[in-house]
Amino acid sequence: MELSKNYQPQATEDKWNQHWRNSAYFTSVPDDRPAYTVVIPPPNVTGVLHMGHTLNETVQDILVRKARMSGFNACWVPGSDHASIATESKVVQMLKEQGIDKNSLTRDEFLKYAFEWKEKYGGIIYNQIEKLGCSVDWNRATFTMDDHYYKAVIKVFVDLYNKGLIYRGARMINWDPAAKTALSDEEVEFRDLTGTLYYLEYKLVNENGEPIEAPLEGRGGIMIATQRPETIMGDTAICVHPADERYAHLKGKFALVPLINRRIPIIFDEYVDATFGTGALKVTPAHDINDYNLGLKHNLEVVDTLNADGTLSEAAQIYIGEDRFAARKKIVSELDEKGFLLKKEEYQTRLGYSQRSGAVVEPRISTQWFVKMKEMSAPALKAVVDGDINIHPGDKFIATYKYWLENVKDWCISRQLWWGQQIPAWYDDQGNMVVAENEYDAIQQMQNTHGTVSAHGGKLVQDEDVLDTWFSSWLWPMEVFKGISEPGNKEAEYYYPTAVLVTGQDIIFFWVARMIMAGMHYKNLKPFSDVYFTGMVRDKLGRKMSKQLGNSPDLLLLIDKYGADAVRFGIMISSPAGNDLLFDEASLEQGRNFNNKIWNALKLVKMWQGRVSDHAGKHSTPIEAPEVTTGILSSPEAISTFAIDWFESRLNLVRKEMETTYSQFRLSEGLKTLYSLIWDDFCSWYLEWIKPGFEQPIDAEVYQKTLSFFEALMQMLHPFLPFITEEIYHLLKDRSVEDDLAIKQFEPLKESNHRILAEGELLKKVISAIRDARNKNQLKPKDLITLSVLADEREAYADIELILAKQVNADRVIYIKSAPANTVVIAVEKDKFYFESGKEIDSEGLKMELQKDLEHQQKFLESVSKKLGNERFVVNARPEVIELEKKKQADAVVRIKTIQESLAGL
RNA sequence: GGGAGCAUAGCUCAGUUGGUUUAGAGCAUCUGCCUUACAAGCAGAGGGUCCGCGGUUCGAACCCGUGUGCUCCCACCA
């Protein structure tokens, strides 16, 4: 079979995806093996995968595939989130484009459109997950509005209500005027900006309504500062500090709200900072949380001057129906015209924006549903603080987590939307309310507690609102196994708790903390043992990815261009846990190149397939075995024996390292390790060492060993790059389709031979040093040299001299006892190597270089000697450290001598 | 205003209890190679005040203090 010049991912990826799926490798059912469960952070059902998802899914797939290949019953549950606000606003937008106003629809009509939308676009995200190579169990795909899931959410609501952990009440909440719904505190994002502070004059009057003199000289008014002049019509007091002498005489006096002339009292409270602005504060209880609290304390009237959509209400008296920001402009100019606007000032401030709609959030008093958080937070805090749940990277997030849980406020869970789980509260026409899992139960309860239903025709009205999306997703690790709707079922018992949660650090409060709360509350068990926080994916300039900037690449286009393996490589290669990742297409190119490198190694090995010889012996040197003048006789077998032993040891060592790397979730580092093992150790060293000469046969044993090394490498790399590894695994030995890497189990770890590893390192060092010298002396790669070795222990070279000769293109290796004249000299550790350059040596340049090196070595020797001469060092340092320093010293002495000899010879 | 984290080569980052560190890797750069697996490649090379200052120690990139710069989270001063 002819192998293509370069690796071509497209056909390969589709083929294996299909095959894996047909073989049901990723379908999990409980069995005797330990479970390794991962639940996907469910993406928005109508969204597309962005680079952040790509990173998360890749990390999860690596962990899941590794576990599957290590004896675990791996189960990765995919799914999607109904994402109430985000999806509803998309559907509303879509309807608007079709000329349909949401308000003209009934709830059921709207939901029908929404479900149609979900059916149409919900599959996109699943398709992308599969394209990326994610080994999820599609049979378990769960949507947060599936029937059982919906019921579970309702059941939890009712349960928490009955336990007194959910309540309904009027509070000041965050209001999104664009989506026209309440938001939780977490859904508000603050942004710094420059605003304008308007200084306004309020006229003062006494008890009888007569104007009085006031601090604002000659004007009879008091000056206050505000960012929001459009709310003045909601003012119900002016507040000053009780100890502020400027205003002491205003006790019992009143101010008049400009433009509408409403009379409001002057009140005194220590809340006011007398040094800020004018020291006088307008109090607008309906539109500011602080003012609201002040209002409660001083029993002030609440005048809500805004409608739900952010326009001015009847209560505002003027500019009714105008948007708050338009009204602000008009009010400012009217205030200016009428002389109430005294001055304007630029001002650094922060405004809250709705995370979903982007609208400026309005503090608003409204009746909503809340979850009491205090009680539930304690076990969730303990689980993390005690180390029952491990967060990676740890120290960075534990403090944040702890602070939030210790200061958590009640969670506003009702949303004035239709898309989501409808709150299971029912009302009769007299305002009585019951909470029940369904209408039937509600009627029963209403009859029992209030006796009202039958008298009024059995009609109850269900609460219009739906629940916050996170009120459903906090049950995710439990309910994907029906752990809430069918508690104690076999699957839930087997798969829960899950192994690891991989998610972005931005949803630590929204989701992670709340899942822990729910898990502790309902199972008394943590939902996962480890949390792996990925950083945010940014562009290469460090900017967030956004549609506006157009710097958010399309995943499918990237996969088309580079292949899914290359995308996985690119996103993983520099993404240490918890650090932001600067996404650069160059890293995908690197991934593509790596795939190609592996592909070409396959081509090389496959070329040997027809030239395997049982009689070739183990020697497969490309050149005639070089003549070696030595007391020790190297056998021709040595070359391949050493290469095989060495690589086997490298392989075993790296396998061991990888186990540690996995257990610490250092996946990026693990990928680098494998990259280097394959590219450097396997391709650049091992394959070059054992490569037969042009059209020479290869020994059968060497060939078989090489195939099994290659296989082992593919197996180790499989979790990271599943497609190309599976493909190569099959091509290597022309395997049947049933024998697949995706489910192949790792062999037990083996020890590696440290002596051989050390010899290998020495060999690499010597080869590089001699090649460097060849380069510097302008020898062409084809120019043969004769290599002379001056070594204390010739035995050290017995195993490696043939490889050495081959790799530096030497026709002979001669062991000598003293330095020959007129040669290039190279010192590696304690040994010296010489060859004739056959060309004019650039003695001046060489001299300078040697001189520079000499100085460096002398300086080094000095520092080591000083250290060893220091009595306190010799007394305090560990013996092995001292040994090491002595070795360094000895090596330096030898090297200095070598350099001096070379200098003398020039 | 409170808290957390970071600062090592042009870029992105390793550096695990202070001593194999004479500080490493990948990418980028430079030099030489179209060597029959691979130019998406091969063989090499150059490149660092480990943010500044002070301290602890026989010894500091690492520990302590301090300053500077960046990032993030939290918070109800108009």
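The sequence lines fix the lettering, A, B, ..., with proteins before strands; numbering per chain opens at 1.
No hydrogens or angles considered: nothing links the side chains of A/Asp269 and A/His241 as a donor-acceptor pair under 3.5 Å. Side-chain N/O atoms of A/Ser865 and A/Lys867 include no donor and acceptor closer than 3.5 Å.
To the nearest whole angstrom, the two P atoms, one in B/G5 and one in B/A78, are 29 Å apart. If you take atom C1' in B/A14 and the same atom in B/A61, they sit 12 Å apart, rounded to whole Å. Rounded to whole Å, the separation between the P atoms of B/C27 and B/C42 comes to 10 Å.
Nearest-nucleotide positions on RNA chain B place A/Met607 closer to the 5' end than the other of A/Met607 and A/Phe509. Positionally, the nearest nucleotide of RNA chain B for A/Thr400 lies more toward the 5' end than for the other of A/Thr400 and A/Thr278.
Remark: A/Ser768 is in phosphate contact with B/G44, judged by side-chain N or O atoms under 4.0 Å from OP1 or OP2.
Note: CG (A/Asp580) to P (B/A4) measures 20 Å, nearest angstrom.
With hydrogens and angles ignored, a donor-acceptor pair under 3.5 angstrom links the side chain of A/Glu688 to the base of B/A37. Scanning atom types as modelled, one donor and one acceptor separated by under 3.5 angstrom connect the side chain of A/Lys597 and the base of B/C38.
Within the 4.0 angstrom heavy-atom criterion, no nucleotide atom of any strand lies near A/Gln664. Within the nucleic acid shown, A/Asn6 comes within 4.0 Å of at least one base atom, counting heavy atoms only.
Taking only side-chain atoms of A/Asn775, from C-beta outward, the nucleotide of B/U35, B/A43, B/U22 with the closest atom is B/A43. In the set B/A40, B/A37, B/A78, the nucleotide with an atom closest to the side chain of A/Tyr347 is B/A78. Considering only side-chain atoms of A/Lys603, the nucleotide from B/G44, B/C76, B/A37 that sits closest is B/A37.
Annotation: cation-pi pair A/Lys344/A/Tyr198 absent, no NZ/CZ under 6.0 Å from the ring centroid and within 45° of its normal.
The aromatic ring of A/Phe873 does not stack onto the base of B/C58, failing the criterion of a centre distance under 5.5 Å from the six-membered base ring together with planes under 30° apart.
Using bins of under 30°, 30° to 60° and over 60° for the plane-to-plane angle, the ring pair A/Trp689/A/Trp685 lands in the tilted bin.
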